[in-house]
There are 4 protein chains.
Amino acid sequence: MSNPATIEVISEPLVESTRQRRKEARPAELTAAALALFVEKGFAATRLDDIASRAGVSKGTLYLYFDSKEALFKAVVLEGIVPVLDAADVIMAGFKGSNAELMQQLLVMWWRLVGSTSLGGLPKLVISEARNFPEVASFYQDAVISRARGLLKRVLQRGIDAGEFRPMNLEMSADVLFAPILMLAIRRHSVDLCGSTSTDPELYLKTHMELALHGLSNNRLSP
Amino acid sequence: MSNPATIEVISEPLVESTRQRRKEARPAELTAAALALFVEKGFAATRLDDIASRAGVSKGTLYLYFDSKEALFKAVVLEGIVPVLDAADVIMAGFKGSNAELMQQLLVMWWRLVGSTSLGGLPKLVISEARNFPEVASFYQDAVISRARGLLKRVLQRGIDAGEFRPMNLEMSADVLFAPILMLAIRRHSVDLCGSTSTDPELYLKTHMELALHGLSNNRLSP
Amino acid sequence: MSNPATIEVISEPLVESTRQRRKEARPAELTAAALALFVEKGFAATRLDDIASRAGVSKGTLYLYFDSKEALFKAVVLEGIVPVLDAADVIMAGFKGSNAELMQQLLVMWWRLVGSTSLGGLPKLVISEARNFPEVASFYQDAVISRARGLLKRVLQRGIDAGEFRPMNLEMSADVLFAPILMLAIRRHSVDLCGSTSTDPELYLKTHMELALHGLSNNRLSP
Amino acid sequence: MSNPATIEVISEPLVESTRQRRKEARPAELTAAALALFVEKGFAATRLDDIASRAGVSKGTLYLYFDSKEALFKAVVLEGIVPVLDAADVIMAGFKGSNAELMQQLLVMWWRLVGSTSLGGLPKLVISEARNFPEVASFYQDAVISRARGLLKRVLQRGIDAGEFRPMNLEMSADVLFAPILMLAIRRHSVDLCGSTSTDPELYLKTHMELALHGLSNNRLSP
DNA sequence: AATGAATGAGTCTTCATTCAT
DNA sequence: TATGAATGAAGACTCATTCAT
């Protein structure tokens with residue numbers, strides 16, 4: 001279907017028809033609209049009419065691509081996961097320097113690629129609907145959370161091995177260290193939008209890193 | 001919408017209208033049932049029928065005490081806040097020893113009085129419905145989160161003053177330090193109930209404290 | 001529930017409340033309205049709104065008594081069957097005279113109790129929806145058609161035993177003899193309502209009996 | 001409604017408008033597919049999608065030949081009538097022997113050409129939709145039923161004239177004699193497909209003829 | 001002539017809310 | 001105070017119909 005560099009390329013029209021282009025782009029447009037509204041209002045409170053009109057199509061069109069509202073929900077989560085995993089790959093790719101610097105760098109990348117984008121709404125969505133869509137929740141847990149936790153655990157282990165970090169319970173430490181990051185994403189899509197108190201993400205993450213790396217303790221290595 | 005007084009009741013406790021008195025007599029069973037179901041299924045997916053039958057009353061009875069489903073929701077949050085605030089008072093009451101020990105003790109108490117009870121479901125509920133009930137969210141923010149943050153900030157300040165803690169951005173540090181606690185509560189009422197991976201709360205909180213107090217760093221005061 | 005002549009009768013209010021009376025009569029009112037409309041327009045073309053308003057209730061009320069449109073359909077057929085079976089019992093009860101006279105009498109009773117009433121619409125309904133509701137069709141077949149066929153077969157057998165009727169294939173003969181009766185009921189609820197040619201049921205049934213008893217043949221017993 | 005011409009086309013065959021010509025070119029596959037599905041599921045429960053895919057075309061193609069689902073329905077009945085009338089002509093063509101033998105022969109032909117084919121589904125279809133398509137029903141009544149009845153009446157009259165049959169009410173007798181034949185067709189396309197009790201058509205028709213010709217009576221011409 | 005993506009009116013179904021008892 | 005039958009507005013879903021290609 002996707003047809004890279006064959007002889008038949010010659011007979012392919014250079015300009016795809018509008019119809020065709022639309023057809024292929026549709027599902028992504030629809031899930032994008034759905035993600036935004038699911039995150040904003042929750043699954044139940046989001047009307048298919050709203051999703052459709054936000055995507056610029058009629059309600060019936062949704063059913064050309066998704067069997068039901070639930071199927072759309074699942075597609076939203078599934079589709080939202082791919083970029084996150086891609087981001088994880090990018091993050092893991094190549095880095096130099098200490099493990100502390102690595103963590104710093106990973107966090108910045110996460111913020112750029114996930115936290116600051118609409119993908120940052122997924123955690124809130126999955127958490128809110130976990131009881132109503134257990135499969136989705138455990139899938140998200142497995143595909144995203146566990147994987148990210150694994151990544152962090154490896155970094156921590158290397159830090160310990162290098163004598164850079166203290167020995168610790170890896171599992172728990174990873175969870176605890178992720179919590180402020182997840183909460184940042186969650187808050188940005190919920191309470192921070194209501195009250196007047198909006199958090200400065202950059203400063204928040206910087207504080208998180210400092211605390212994580214040094215803790216509260218004032219005890220210092222004597223020079 | 002139809003009943004903004006519900007929230008403002010808090011600030012006008014001196015006048016006891018008929019309505020007021022009725023509202024005080026309001027069976028806690030109703031809000032307890034509602035809290036459980038709202039936390040479990042979310043606001044929209046919870047039917048008044050279910051709340052009523054869980055509370056052992058008929059659906060009509062709910063309307064003797066609450067003007068609408070929204071009013072019930074607000075009451076649930078409001079009522080759930082009181083014990084939290086009481087807990088905060090208890091916690092603040094009397095303590096001895098270092099600030100680190102204080103934090104430890106506060107955390108244990110929070111877990112006993114809030115985190116391990118059904119009240120621990122409130123954060124998830126408020127977060128999930130924040131966009132649909134902004135007043136509730138910002139009220140919760142003000143009444144609970146901000147107050148708890150203030151408490152923590154005071155502890156941190158004292159630790160800094162005593163030379164026990166490093167200087168830091170108090171606001172951000174408090175938020176960051178709360179995040180793992182909130183996430184614990186949130187997870188216990190969402191994703192932890194789906195997958196097979198349930199967290200051990202005691203160990204989780206212990207790890208949080210250790211990380212918070214010492215950080216990841218292995219640098220130690222040389223003897 | 002139905003409570004004939006007990007001591008407790010004394011404590012029962014003589015006048016049932018309007019509400020109560022309504023509650024008990026409701027399902028029958030609803031199925032009556034549904035039967036009329038299903039027969040008239042078919043299952044799919046009948047809107048629940050129409051059924052509700054014909055029964056003088058709101059659409060939602062239907063769902064207090066029936067889980068779905070399909071459940072209502074099944075209830076219509078089930079409920080329609082009871083009187084038919086009752087009629088069959090009445091018909092079987094007591095008769096004197098020849099088997100030919102018995103058949104005549106049975107036919108007249110069927111017409112009075114079934115054919116001329118709205119129950120006469122059931123065969124058309126069941127036939128029309130047989131493919132979409134196979135269970136209902138085979139249930140109707142078993143509960144009504146087979147039973148009626150059995151009744152007729154017994155009459156035929158007795159006629160044969162008495163030397164009154166010719167030997168014959170009982171099964172097939174019963175089916176063939178029922179056909180004109182069923183067709184009368186079917187026609188009265190379909191084509192006869194459209195064109196200008198309405199059949200005179202009495203004459204039709206009389207002709208059926210004559211043909212059945214004597215056939216077309218002009219051969220006569222010599223005096 | 002939008003296309004009453006569909007039926008009247010029959011009476012104005014001389015003028016060939018563009019539309020007319022297009023309609024005549026109308027592929028029989030479409031109406032054949034439609035007939036099968038209308039008979040199987042009823043008019044309302046049949047989706048144009050299903051008809052199209054059964055005919056191996058796209059849904060849009062149906063609209064090249066028929067203005068609406070209703071127009072398609074009418075065409076199905078109209079088109080289904082032609083072979084029946086042709087069959088009637090064949091049947092009437094040439095026969096020898098007694099009128100009883102003629103009836104026998106006519107019945108066999110009807111079974112071969114109509115009853116055993118998919119055309120046998122038309123009576124059920126017309127009956128089921130008679131109330132929703134009165135014009136179609138009365139047209140079918142006039143074009144098929146009445147004509148067949150006329151045919152039978154002539155045979156009966158000749159039998160009476162020849163002293164072969166008893167005098168009788170011709171109209172009613174014809175209707176009664178047709179009923180078992182129609183019921184056979186109807187049953188084969190409805191209830192017989194559900195339960196386990198399928199009728200043997202040949203035996204059924206044979207029984208019908210015997211009963212019609214001799215009746216139930218055992219009275220015999222003494223030799 | 002043929003396609004099939006898109007539409008939106010129509011219908012079933014749910015459920016918060018009311019009110020007679 | 002308590003009930004639960006009744007309501008009707010709202011929303012998910014279907015499918016006949018249209019039309020750009």
Side-chain angles (χ1 to χ4, degrees), chain A residues 13 16-20 22-24 26 44-53 55-72, chain B residues 2 22 25 27 43-53 56-72, chain C residues 13 16-20 22-24 26 44-53 55-72, chain D residues 2 22 25 27 43-53 56-72:
Chain A
E16 289 183 274
S17 71
T18 303
R19 201 64 169 274
Q20 195 56 33
R22 225 59 204 290
K23 170 86 192 296
E24 285 165 12
R26 275 278 185 262
T46 298
R47 279 169 296 149
L48 287 184
D49 263 323
D50 292 341
I51 296 174
S53 64
V57 300
S58 76
K59 192 171 32 169
T61 299
L62 289 174
Y63 284 86
L64 293 177
Y65 299 95
F66 305 98
D67 286 341
S68 66
K69 194 184 181 185
E70 289 203 14
L72 176 56
Chain B
S2 60
R22 204 179 61 179
F43 174 77
T46 297
R47 279 166 298 161
L48 288 186
D49 261 322
D50 293 340
I51 296 175
S53 66
V57 300
S58 77
K59 190 165 43 167
T61 301
L62 289 174
Y63 282 86
L64 295 175
Y65 298 97
F66 307 98
D67 289 340
S68 68
K69 194 185 182 185
E70 290 202 11
L72 176 57
Chain C
E16 287 183 275
S17 72
T18 303
R19 201 64 170 273
Q20 195 55 33
R22 227 59 204 291
K23 169 85 191 296
E24 285 166 9
R26 274 279 185 262
T46 297
R47 280 169 295 148
L48 287 184
D49 261 324
D50 293 340
I51 297 175
S53 64
V57 300
S58 77
K59 195 170 29 169
T61 300
L62 290 173
Y63 284 86
L64 293 176
Y65 298 96
F66 305 98
D67 286 342
S68 66
K69 194 183 181 186
E70 289 203 13
L72 176 56
Chain D
S2 59
R22 203 179 61 178
F43 174 77
T46 297
R47 278 167 296 159
L48 288 186
D49 261 321
D50 293 341
I51 295 174
S53 66
V57 300
S58 77
K59 192 165 42 166
T61 300
L62 289 174
Y63 282 86
L64 294 175
Y65 298 98
F66 305 97
D67 289 340
S68 69
K69 193 184 182 186
E70 291 202 10
L72 175 56

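Everything numeric here is computed off the predicted structure, so don't read it as measured data. Every chain is numbered from 1, with letters handed out A, B, ... down the list of sequences.
- Not counting sequence neighbours, the partners of A:S68 by the side-chain contact (heavy atoms from CB on, under 4.5 Å) test are A:E70, A:A71.
- Taking atom CG of residue C:D50 and atom P of nucleotide E:dG10, one finds them 13 Å apart after rounding to whole Å.
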**Item:** Nucleotide-level pairing of DNA chain F, given in dot-bracket where Watson-Crick and G-U pairs need both distances under 3.5 Å and | marks other strands
**Value:** .||||||||||||||||||||

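- As a whole-Å value, the separation of C:F66 CZ from E:dT14 C1' is 18 Å.
- For the side chain to side chain donor-acceptor pair (under 3.5 Å) test, no residue two or more places apart in sequence or in another chain qualifies with C:S53.
- With sequence neighbours excluded, no residue satisfies side chain to side chain donor-acceptor pair (under 3.5 Å) with C:K69.
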**Request:** For nucleotides 12-17 of chain F, just jot down a letter per nucleotide in 5' to 3' order: B, S or -, based on protein non-hydrogen atoms under 4.0 Å.
**Result:** SBBSBB

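- Partners of D:T46 by side chain to side chain donor-acceptor pair (under 3.5 Å), not counting sequence neighbours: none found.
- Partners of A:A45 according to the side-chain contact (heavy atoms from CB on, under 4.5 Å) rule, which considers only residues two or more places apart in sequence or in another chain, are A:K41, B:N132.
- Counting all heavy atoms, side chain and backbone alike, B:L62 lies closest to B:L48 at CD1-O, 3.6 Å.
- Nucleotide E:dT11 holds its C1' atom 15 Å from the CG atom of C:L72, rounded to whole Å.
- With DNA chain E read from its 5' end, the first of the two nearest nucleotides for A:T61 and D:T61 is the one closest to D:T61.
- Taking 4.0 angstrom as the limit, C:Y65 places a side-chain polar atom (N or O) nearer than this to OP1 or OP2 of F:dA6.
- For D:D49, the side chain to side chain donor-acceptor pair (under 3.5 Å) partners at least two apart in sequence or on another chain are D:K59.
- Residues B:S58 and C:L64 each lie close to DNA chain F; by heavy-atom proximity, the contact nearer the 5' end of the strand is made by B:S58.
- The shortest side-chain heavy-atom distance between C:D67 and C:L72 does not fall under the 4.5 Å cut-off.
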